[in-house]
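Below is one structure, written out as structure tokens; comments come after it.
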There are 2 protein chains.
Amino acid sequence: MIKEERQRLIIEKLNRDQKINLLELSQLLNVSYDSIRRDVIELEDKGLLKKVHGGAVANSYLSFKNTHNSSADQQEVVMLTRKAQKLFYNHQTILMDGGTTNFHIAEQFPKNLEMTVITNSLPLAAVLNEHPKIETILLGGTYHKRYQITIGNQVMKQLEHIRVDLYLMGFNGLDPEVGVTLRHYEESVLKQKMAQAAKKVAICAITEKLHTVETYKVCDLQDIDILITSLKPSDVTLNAFRQQGIELI
Amino acid sequence: MIKEERQRLIIEKLNRDQKINLLELSQLLNVSYDSIRRDVIELEDKGLLKKVHGGAVANSYLSFKNTHNSSADQQEVVMLTRKAQKLFYNHQTILMDGGTTNFHIAEQFPKNLEMTVITNSLPLAAVLNEHPKIETILLGGTYHKRYQITIGNQVMKQLEHIRVDLYLMGFNGLDPEVGVTLRHYEESVLKQKMAQAAKKVAICAITEKLHTVETYKVCDLQDIDILITSLKPSDVTLNAFRQQGIELI
DNA sequence: CTTTTTTTTGCATTTTTTTGCAAAGAATTT
DNA sequence: AAATTCTTTGCAAAAAAATGCAAAAAAAAG
């Protein structure tokens with residue numbers, strides 16, 4: 001039995017039962033306790049589960065994401081959102097808008113992170129409920145039911161009085177030529193305003209979004225300060241970003 | 001049985017029954033009393049429940065789905081929220097704050113009701129997602145994690161520019177002598193401001209809340225325009241309300 | 001095809017965590 | 001105030017995790 005197969009079986013069992021027991025599993029797969037334990041350590045490093053005393057439990061944020069993404073995409077998202085954690089320090093104030101990526105990043109905030117998060121996304125505020133040390137400020141406005149965010153003039157006005165350390169921008173398309181683009185007009189205007197309210201702008205781009213262009217333009221490449229991507233440093237696509245002086249993670 | 005599984009089961013049982021007994025639970029899960037108690041301590045640290053003498057109770061002050069009240073209470077809530085529907089017409093703009101009662105009322109809005117709802121409650125906004133014809137406006141501000149509402153100066157400021165037809169006020173205690181009272185100071189101030197922004201103020205009082213007095217006063221009886229109650233019209237308690245010219249439903 | 005290198009695996013030892021127990025202290029009830 | 005019930009505390013046994021090491025297996029190199 002090769003390692004990869006074992007690990008695949010572990011993940012499968014975990015998805016079924018929500019929890020696994022190391023001893024039980026080692027007997028079931030007929031390998032030593034240590035091998036299983038090492039597998040679980042590896043899987044935890046990949047962010048695919050959470051190790052606990054006596055076994056492992058499913059990573060909650062992965063379970064309901066299964067629906068729309070392939071497992072390869074999932075792994076990329078896990079990796080990217082982990083990388084993104086480098087952006088956050090105690091006593092910062094950051095601005096985050098809606099979108100699944102931002103949602104997953106917020107889910108993975110360290111529990112002891114002391115920060116202020118300003119957002120117009122209701123799911124994000126709900127997730128931050130789990131992080132007692134994070135102060136959440138919600139931007140009020142007309143509630144957009146589909147995207148579950150607030151939009152409109154009132155949000156814009158509140159942004160005028162705000163100055164934050166970092167803006168983590170959600171988006172639909174990123175192209176070296178065109179810049180950052182979006183499907184929804186009102187949001188694109190809002191994001192421009194948000195970018196103005198921040199000292200730095202960061203975006204987190206899964207490979208799927210690179211080289212795609214959507215209808216409404218948010219900003220140019222040069223307006224982005226930090227890009228989080230899973231592309232290898234050698235990738236030619238990154239040259240365009242480097243030329244704009246964008247910090248790559 | 002690993003610790004995490006036990007704790008998950010504890011939370012599940014807690015969500016079902018709203019309260020748990022340590023001894024009973026230790027027998028059920030077949031572990032020592034001490035282990036269960038230590039689990040409960042950990043869960044309390046995580047803010048997932050509240051420890052009480054001999055057991056634990058659900059922490060979520062707003063555990064909407066399964067109310068911790070008796071079935072008699074539940075029936076009363078259902079009846080009251082039905083009655084409350086009389087207050088709503090098309091093309092109105094109303095203000096609603098947090099609390100379970102308002103939540104249940106919003107749940108029962110007719111699907112074809114065309115209305116604008118302004119609120120500082122996130123669960124309420126989430127519920128209104130199910131009502132396509134209702135426009136929801138969210139008041140922005142500091143997010144209060146426990147009550148799941150926005151509070152603070154920013155909310156107050158937005159209220160200054162608002163004038164609505166009706167304010168449906170949530171509250172903790174209603175007494176003919178003292179008036180409307182609340183447990184939470186900041187909210188009580190906010191509710192005063194909300195009342196000022198509305199042409200009419202309505203409250204929906206389950207019998208349990210009548211004659212109870214909490215720490216912070218929101219307003220006098222005379223500031224209330226409409227009271228929804230399940231008391232019989234002959235009940236003497238209602239006389240005080242009638243004298244203040246309050247419309248009874 | 002053999003040798004070398006790397007990876008994987010299992011085992012023994014140490015360290016840490018968890019668990020159950022008992023005695024002492026609080027809180028609650030009668 | 002006494003009795004009962006629950007909590008807290010310290011402790012020791014048990015369970016599990018981490019660590020270091022060597023044998024076995026697999027992969028790479030010659």
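All values below were derived from every heavy atom in this structure, side-chain atoms included, with hydrogens, water molecules and symmetry-related copies excluded. Nothing here was measured: the structure is a model prediction, and the numbers come from that model. So that the names make sense, note that chain A is the first sequence line, chain B the second, and so on, each numbered from 1.
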query: When you check the gap from the basic side-chain N to the acidic O, do B/Lys3 and B/Glu42 get nearer than 4.0 Å?
result: yes

message: As a quick check of understanding, evaluate side chain to side chain contact (heavy atoms under 4.5 Å, CB included) for B/Val180 and B/Lys191, giving each step before the final call.
response: CA-CA 10 Å; B/Val180 180; B/Lys191 281 166 195 282; over 6 Å; no

- line: So CG of B/Leu25 and CZ of B/Arg37: to nearest 0.5 Å the spacing works out to 13.0 Å

- prompt: Taking CD from B/Glu44 and P from D/dT7, how many angstroms apart are they, rounded to a whole number?
  reply: 11 Å

- line: Separation of C/dG20 atom P from B/Ile36 atom CD1, nearest Å, is 9 Å

task: Check whether any side-chain N or O of A/Lys3 sits under 4.0 Å from OP1 or OP2 of C/dT7, and answer yes or no.
output: no

Partners passing side chain to side chain donor-acceptor pair (under 3.5 Å) against A/Lys199 (at least two apart in sequence or in another chain): A/Asp165

query: Can B/Glu12 and B/Arg8 be counted as an ion pair, charged N to O under 4.0 angstrom?
result: yes

query: Sequence neighbours excluded, which residues qualify as side chain to side chain donor-acceptor pair (under 3.5 Å) partners of A/Lys51?
result: none

- request: Could you check whether A/Val40 gets within reach of a base, just the sugar-phosphate, or nothing at all, counting any heavy atom under 4.0 Å?
  value: nothing

message: With nearest nucleotide decided by heavy atoms, which residue, A/Leu23 or B/Tyr33, maps closer to the 5′ end of DNA chain D?
response: B/Tyr33

field: Rounded distance in Å - CG (B/Leu25) to P (C/dT19)
entry: 14 Å

- prompt: A/Asn21 CG to C/dT18 P: how many Å, rounded?
  reply: 15 Å

- prompt: Among C/dT19, D/dT7, C/dG20, which is the nearest nucleotide to the side chain of B/Leu22?
  reply: D/dT7

- request: Check step by step if side chain to side chain contact (heavy atoms under 4.5 Å, CB included) holds for A/Lys200 and A/Leu87.
  value: CA-CA 11 Å; A/Lys200 288 196 168 193; A/Leu87 293 172; over 6 Å; no

- line: From CD of A/Gln27 across to P of D/dA15 the rounded distance in Å is 13 Å

message: Nearest whole Å is fine: how far is D/dA15 P from A/Glu24 CD?
response: 16 Å

field: Proximity to the side chain of A/Ile41 - top-ranked nucleotide from D/dA18, C/dT19, C/dT8
entry: D/dA18

- prompt: Between atom NZ in B/Lys51 and atom C1' in D/dT7, what is the gap in whole Å?
  reply: 7 Å

- prompt: Rounded to the Å, how far apart are B/Glu4 CD and D/dA15 P?
  reply: 18 Å

Can you name the atoms? Protein N/O to nucleotides 21-28 of chain C N/O, anything below 3.5 Å, with the distance.
residue	atom	partner	partner atom	Å
C/dC21	N4	B/Asp34	OD2	2.9

